[in-house]
Amino acid sequence: MLILKRKIKKLKPFRRLITIRNYSILTLAFWFLLFYSACSLRPNIQEKGVDFMQGVWNEDSVAFSNKLSNYTQHHFKITCDSVYIDFVTHSKVNFYEDSCYNNGVWKEYAKGVYSIRNDTLFVGATFTHANYKQKISGCYHIGRYDKTFLIKKHTADSLFLESLSDQRQIKLSLKGKITCVQKEL
């Protein structure tokens with residue numbers, strides 16, 4: 001009993017140290033160590049992507065294109081988690097300077113990544129030149145190309161998308177299958 005009383009007397013100074021401030025610091029340190037130990041670095045390699053998306057996809061025609069004042073045909077090349085998009089725009093109305101209008105037909109390019117969640121395709125890309133180097137000035141679009149598509153249907157050789165920004169239908173047909181070979185970032 002005497003030994004126990006001596007130990008309690010020795011602990012009294014420590015009780016004063018455990019104040020709200022010190023308790024907060026200890027709690028913060030605990031959570032930091034918990035999260036730090038739970039985190040792991042991702043490998044420095046690109047993601048695998050989705051198998052059925054791997055390939056070269058063309059939009060051969062646009063529905064009611066003869067009745068539209070402008071429309072865009074899409075060409076997708078999807079490899080692993082990367083996407084390369086070529087756009088061919090046809091316009092009966094000149095929205096640009098005459099030097100850019102090019103008789104109402106022009107081509108644009110974008111490069112980025114994609115992901116699929118449930119039935120939705122998310123594309124995050126940047127407009128580029130024909131060599132897929134970033135475009136910071138010039139005719140047509142510059143900057144980000146962020147689009148969301150609803151995957152209406154997909155088969156082995158066709159992919160039906162609907163743009164969630166303008167509800168336009170995109171019917172893509174598979175022109176060539178690509179096998180994903182992951183590369184270092």
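Count residues from 1 along the sequence. Values in this document were obtained by computation on a predicted structure and should not be read as measured data.
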| Can Trp106 be reached from Val93 by stepping across I, L, V, M, F, W or Y side chains whose heavy atoms are under 4.5 Å apart? | yes
| Residues that Asn102 engages under side chain to side chain contact (heavy atoms under 4.5 Å, CB included), provided they are two or more places apart | Tyr140
| query | Among side-chain atoms of Gln46 and Gln182, is any donor-acceptor pair under 3.5 angstrom? | reply | no
| query | Would Gln73 and Glu59 count as a side chain to side chain donor-acceptor pair (under 3.5 Å) if you check the C-alpha gap in whole Å, the side-chain angles of each, and the deciding distance to 0.1 Å? | reply | CA-CA 6 Å; Gln73 285 182 279; Glu59 183 178 24; 6.0 Å; no
| field | Residues Asp60 and Lys175 bridged, charged N to O under 4.0 Å | value | yes
| said: Testing the basics here: between Val83 and Phe76, what is the closest heavy-atom pair and its distance to 0.1 Å? | reply: CG2-CD2, 3.7 Å
| With a 6.0 Å cut-off on ring centres, are His129 and Tyr109 close enough? | no
| query | Do Ile151 and Leu172 sit in the same hydrophobic cluster, where Ile, Leu, Val, Met, Phe, Trp and Tyr count as joined when their side-chain heavy atoms come under 4.5 Å apart? | reply | yes
| query | Out of curiosity, Cys80 SG to Glu47 CD, how far, rounded to the nearest 0.5 Å? | reply | 10.0 Å
| task | Enter the distance from His141:NE2 to Thr128:OG1 here, rounded to the nearest 0.5 Å. | result | 13.5 Å
| message | On the six-membered ring of Phe127, is Arg144 placed so that its NZ or CZ lies under 6.0 angstrom from the centre and within 45° of the ring axis? | response | no
| query | Backbone N or O of Lys177 within a donor-acceptor pair of the Gln54 side chain at under 3.5 Å? | reply | no
| said: Quick check on Gln167: does its CD atom have over 12 non-hydrogen neighbours (other residues, nucleotides or ligands) under 6.0 Å away? | reply: yes
| If you round to the nearest 0.5 Å, how far is OG1 of Thr72 from CG of Asp166? | 9.0 Å
| field | Audit row: Tyr84, Tyr132, ring pair (Phe, Tyr, Trp, His ring centres under 6.0 Å) steps and yes/no | value | CA-CA 8 Å; Tyr84 301 86; Tyr132 296 107; 5.1 Å; yes
| request: Starting at CG of Leu159, measure out to CG of Asn58 and round the result to the nearest 0.5 Å. | output: 12.0 Å
| task | Let me see the working for Phe64 and Tyr71 under ring pair (Phe, Tyr, Trp, His ring centres under 6.0 Å), right down to the final yes or no. | result | CA-CA 9 Å; Phe64 307 108; Tyr71 64 92; over 10 Å; no
| field | Lys153 NZ: over 12 foreign heavy atoms closer than 6.0 Å | value | no
| Would you say Leu121 and Phe52 are hydrophobically clustered, going by side-chain heavy atoms of ILVMFWY under 4.5 Å? | yes
| said: Taking atom CG as the centre, does Asp51 end up with more than 12 heavy-atom neighbours from other residues, nucleotides or ligands that are less than 6.0 angstrom away? | reply: no
| message | Could you tell me if Ser158 and Ser173 have a donor-acceptor pair between their side chains, going purely by distance under 3.5 Å? | response | no
| What do the steps show when you test Lys77 against Ile178 for side-chain contact (heavy atoms from CB on, under 4.5 Å), and what is the final call? | CA-CA 9 Å; Lys77 178 182 176 189; Ile178 294 176; 3.9 Å; yes
| said: I need the Asp86 CG to His75 NE2 distance, nearest 0.5 Å. | reply: 5.0 Å
| message | As a quick check of understanding, evaluate side chain to side chain donor-acceptor pair (under 3.5 Å) for Thr126 and Lys111, giving each step before the final call. | response | CA-CA 6 Å; Thr126 303; Lys111 175 177 86 168; over 6 Å; no
| field | Point-to-point distance, once rounded to the nearest 0.5 Å, from CE of Met53 to OG of Ser115 | value | 10.0 Å
| query | What do the steps show when you test Tyr114 against Ile78 for side-chain contact (heavy atoms from CB on, under 4.5 Å), and what is the final call? | reply | CA-CA 9 Å; Tyr114 76 95; Ile78 297 174; 3.3 Å; yes
| said: Using ring centroids (six-membered ring only for Trp), state whether Phe87 and Tyr145 fall under 6.0 Å. | reply: yes
| Would you find more than 12 non-hydrogen atoms of other residues, nucleotides or ligands less than 6.0 Å from Ile136 atom CD1? | no
| message | Looking at Asn66, I'd like to know if its CG atom is crowded, meaning that more than 12 non-hydrogen atoms belonging to other residues, nucleotides or ligands lie closer than 6.0 Å. | response | yes
| request: Using distance alone, with no hydrogens and no angle criterion, decide if Ser91 and Thr89 have a side-chain donor and acceptor under 3.5 Å apart. | output: no
| message | Grouping I, L, V, M, F, W and Y whenever their side-chain heavy atoms are under 4.5 Å apart, do Ile116 and Val123 come out in a common cluster? | response | yes
| field | Trp57 versus Leu174, closest heavy-atom pair with distance | value | CE3-N, 3.6 Å
| task | Group every Ile, Leu, Val, Met, Phe, Trp and Tyr by side-chain heavy-atom contacts under 4.5 Å, then state whether Ile170 and Val56 land in the same group. | result | no
